[in-house]
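Proteins come first, then strands; the chains are lettered A, B, ... in the order of their sequence lines, and each starts at number 1.
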Amino acid sequence: MRCPAPFILKLYEILEEGHDRNQIVSWNKEGTGFVVWSPDEFSELLLPRYFKHNNFSSFIRQLNTYGFKKCATNRWEFQHCKFQNGNRHLLQEITRKKCEPSVFPAFLKASSSEPVGGVVDESSDLLLQENENLRKEKLELQMQIHQYKSLQMKLSDSLSQYLVNQNQFRRTC
Amino acid sequence: MRCPAPFILKLYEILEEGHDRNQIVSWNKEGTGFVVWSPDEFSELLLPRYFKHNNFSSFIRQLNTYGFKKCATNRWEFQHCKFQNGNRHLLQEITRKKCEPSVFPAFLKASSSEPVGGVVDESSDLLLQENENLRKEKLELQMQIHQYKSLQMKLSDSLSQYLVNQNQFRRTC
Amino acid sequence: MRCPAPFILKLYEILEEGHDRNQIVSWNKEGTGFVVWSPDEFSELLLPRYFKHNNFSSFIRQLNTYGFKKCATNRWEFQHCKFQNGNRHLLQEITRKKCEPSVFPAFLKASSSEPVGGVVDESSDLLLQENENLRKEKLELQMQIHQYKSLQMKLSDSLSQYLVNQNQFRRTC
DNA sequence: TCCGTTCTAGAATATTCGTCG
DNA sequence: GCGACGAATATTCTAGAACGG
């Protein structure tokens with residue numbers, strides 16, 4: 001893994017650029033988490049600078065997605081064990097929680113690693129899959145044909161209409 | 001389905017609010033599609049008003065996601081059979097394409113839905129029927145294509161013939 | 001390998017001929033990548049001089065084909081480890097990515113060409129052939145559709161172009 | 001065959017909305 | 001109410017696929 005997730009990096013940068021915005025958001029005393037002191041100002045001033053929205057709840061959703069936990073009842077303080085002041089190198093260990101359906105990768109791994117031989121059901125399954133594909137492709141073709149049909153109509157209309165106009169023009173020219 | 005997808009609705013509204021922005025984007029003549037006449041201005045002025053970005057490519061990605069097709073080689077003109085000027089009620093029929101990461105999910109679904117009891121003959125029988133259907137549908141498609149081919153020929157002939165006449169007309173005008 | 005790929009060479013030349021076009025595109029500070037500062041001007045002024053188009057997206061596609069990566073979220077900055085200011089001799093190491101049909105197609109191909117796992121039912125074998133034929137026929141259909149699509153495009157372009165000329169003609173007639 | 005151009009899709013992250021305990 | 005999460009849509013970056021020179 002090369003670099004931290006974009007969201008994590010931006011969050012860290014927001015805290016790095018402290019200045020007088022410490023009254024809006026800052027690391028906690030121990031540097032083991034951060035506190036949003038003023039959700040309103042944070043949402044209106046800082047969020048739009050770093051993200052494509054100004055909703056505090058969306059920000060919270062991202063925090064949860066990356067495994068941050070709210071760790072106080074009376075203020076907006078969040079923690080993640082790998083998110084610490086001064087330890088930028090830990091950031092890349094903070095990943096999305098997405099629990100990967102994992103049915104898939106597992107299947108791929110299995111099919112590629114072990115010889116497919118011997119299991120009769122698999123061949124039938126493959127045929128099913130084959131037919132599934134064919135059906136989908138057929139739908140695609142039908143949609144394409146329909147579109148060209150529309151275009152054709154449009155073209156035909158334009159042309160005939162133009163011919164009419166043109167004849168009138170000739171007469172009056 | 002209650003109302004159209006957000007993206008579709010916004011797209012329609014952009015075109016509805018024509019005014020003098022028709023030089024940036026507008027319905028085509030027949031109202032069966034739309035043309036982005038100036039991608040630059042469209043990206044800088046209109047996109048940020050309706051979406052959270054100003055990237056033309058992101059806009060294109062959304063169009064493709066909802067099944068729109070580019071239908072001209074020299075302009076940014078797009079069509080979708082359910083996207084027509086004046087037919088707002090059709091918008092809700094425009095939906096996102098299912099991701100179905102292509103072949104795999106289909107395979108998984110098929111294999112999981114079937115009783116794993118190794119009844120190969122039954123599945124083979126089903127596949128036979130499946131193929132039968134596919135063949136019939138394919139014939140349908142071929143007939144359709146033949147029709148459009150004929151129409152196309154006529155159109156092309158008319159147009160070229162007209163161009164010839166027109167040139168003669170100009171000379172003698 | 002003798003000389004760099006044409007695209008890579010042109011890209012390098014564009015950056016070499018800096019002048020006052022640095023406001024359109026230039027090397028980054030470190031010379032480890034480049035930034036397109038003004039995609040609009042870049043597309044309209046520079047692309048046509050070096051390539052056969054003026055589409056920014058086509059330019060991006062080429063960059064990706066050769067393994068360049070976008071390395072900033074707020075600007076069009078791209079990097080490739082072998083693309084550095086002053087190191088012209090590295091350019092020939094930048095090559096097109098090989099198709100590498102990924103895991104999937106390979107698996108599918110194998111399954112369709114030869115009966116998997118050796119012992120497969122006769123009926124299944126027939127179905128395999130059936131599907132093979134269906135696939136071929138589908139390709140035929142696609143080719144036909146593509147032909148009509150091309151014709152359609154040309155027709156449409158011709159017609160619209162002609163209408164424009166015609167209007168001009170009328171005014172001056 | 002390889003490269004370039006175009007159009008569309010895949011895949012990952014981001015944003016929004018709603019629900020559940 | 002509240003904190004966490006699922007799911008749908010949106011945005012971004014990269015790749016697939018077809019065609020043509």
Closest to the side chain of A:W76, out of E:dG3, E:dT14, D:dT8, is E:dG3

The reported gap from OG in C:S26 to CG in C:N85 (rounded to nearest 0.5 angstrom) is 10.0 Å

Applied to residues 67-81 of chain B, the salt bridge (charged side-chain N to carboxylate O under 4.0 Å, His left out) test, sequence neighbours excluded, yields A:K154-B:E77, B:R75-B:E77

Contacts of C:A72 and A:I60 projected onto DNA chain E by closest heavy atom; the upstream (5') one is A:I60

Rounded to whole Å, the CG-C1' distance (A:N64 to E:dC2) equals 12 Å

Here the distance between atom P of D:dA14 and atom CZ of B:F51, to the nearest Å, is 21 Å

Next item on the list: Please check if the side chain of C:N87 supplies one atom and the backbone of C:L90 the other of a donor-acceptor pair under 3.5 Å.
Entry: no

Only residue of C:F42, C:F59, C:W37, C:F56 satisfying ring pair (Phe, Tyr, Trp, His ring centres under 6.0 Å) with C:W76 is C:F56

* Tell me what B:Y66 touches on the nucleic acid: a base, only sugar-phosphate, or nothing, going by heavy atoms under 4.0 Å. => sugar-phosphate

Atom CZ of B:F56 and atom P of E:dT11 are separated, to the nearest Å, by 15 Å

ring-ring contact (aromatic ring centres under 6.0 Å, His included) between B:F83 and B:Y66, worked out = CA-CA 11 Å; B:F83 192 76; B:Y66 282 94; over 10 Å; no

B:C71 and B:Q79 have their tightest heavy-atom pair at SG-CG, 3.4 Å

Discussion item. Does a side-chain N or O of A:K70 approach OP1 or OP2 of E:dC2 to a distance below 4.0 Å, or not?
Written reply: no

Please classify the nucleic acid contact of C:F59 as base, sugar-phosphate, or nothing, using heavy-atom distances under 4.0 Å.
nothing

To the nearest angstrom, the CG-P distance between A:L9 and D:dT13 comes to 14 Å

Taken to the nearest whole Å, CG/A:L47 to P/D:dA14 is 14 Å

Separation of E:dA4 atom C1' from A:R96 atom CZ, nearest Å, is 15 Å

Here the distance between atom C1' of D:dT15 and atom CZ of B:F7, to the nearest Å, is 16 Å

In whole angstroms, the gap separating P of E:dT9 from CD1 of B:I94 amounts to 14 Å

One would report the end-axis bend of the helix from D:dC2-E:dG21 to D:dG21-E:dC2, five pairs per end and rounded to 10 degrees, as 30°

Testing D:dT8, E:dT9, D:dT6 for proximity to the side chain of B:P6, the answer is E:dT9

Donor-acceptor check, side chain of C:K82 to backbone of C:I94, threshold 3.5 angstrom: yes or no? no

task = Could you tell me how the ring of B:F34 sits relative to the ring of B:F68: parallel (under 30°), tilted (30 to 60°) or perpendicular (over 60°)?
result = perpendicular

Report, one pair per line, the protein and nucleotides 18-21 of chain E atoms (nitrogen or oxygen only) whose separation is under 3.5 Å.
| from | atom 1 | to | atom 2 | distance (Å) |
| --- | --- | --- | --- | --- |
| E:dC19 | OP1 | C:H146 | ND1 | 3.3 |

Base of E:dG3 paired with side chain of A:R61 (donor-acceptor, under 3.5 Å):
no

Margin query: It should be established whether B:N55 places a side-chain nitrogen or oxygen under 4.0 Å from OP1 or OP2 of nucleotide E:dT11.
Written below: no

Q.
Is a donor from one side chain sitting under 3.5 angstrom from an acceptor on the other, for B:R61 and B:T65?
A. yes

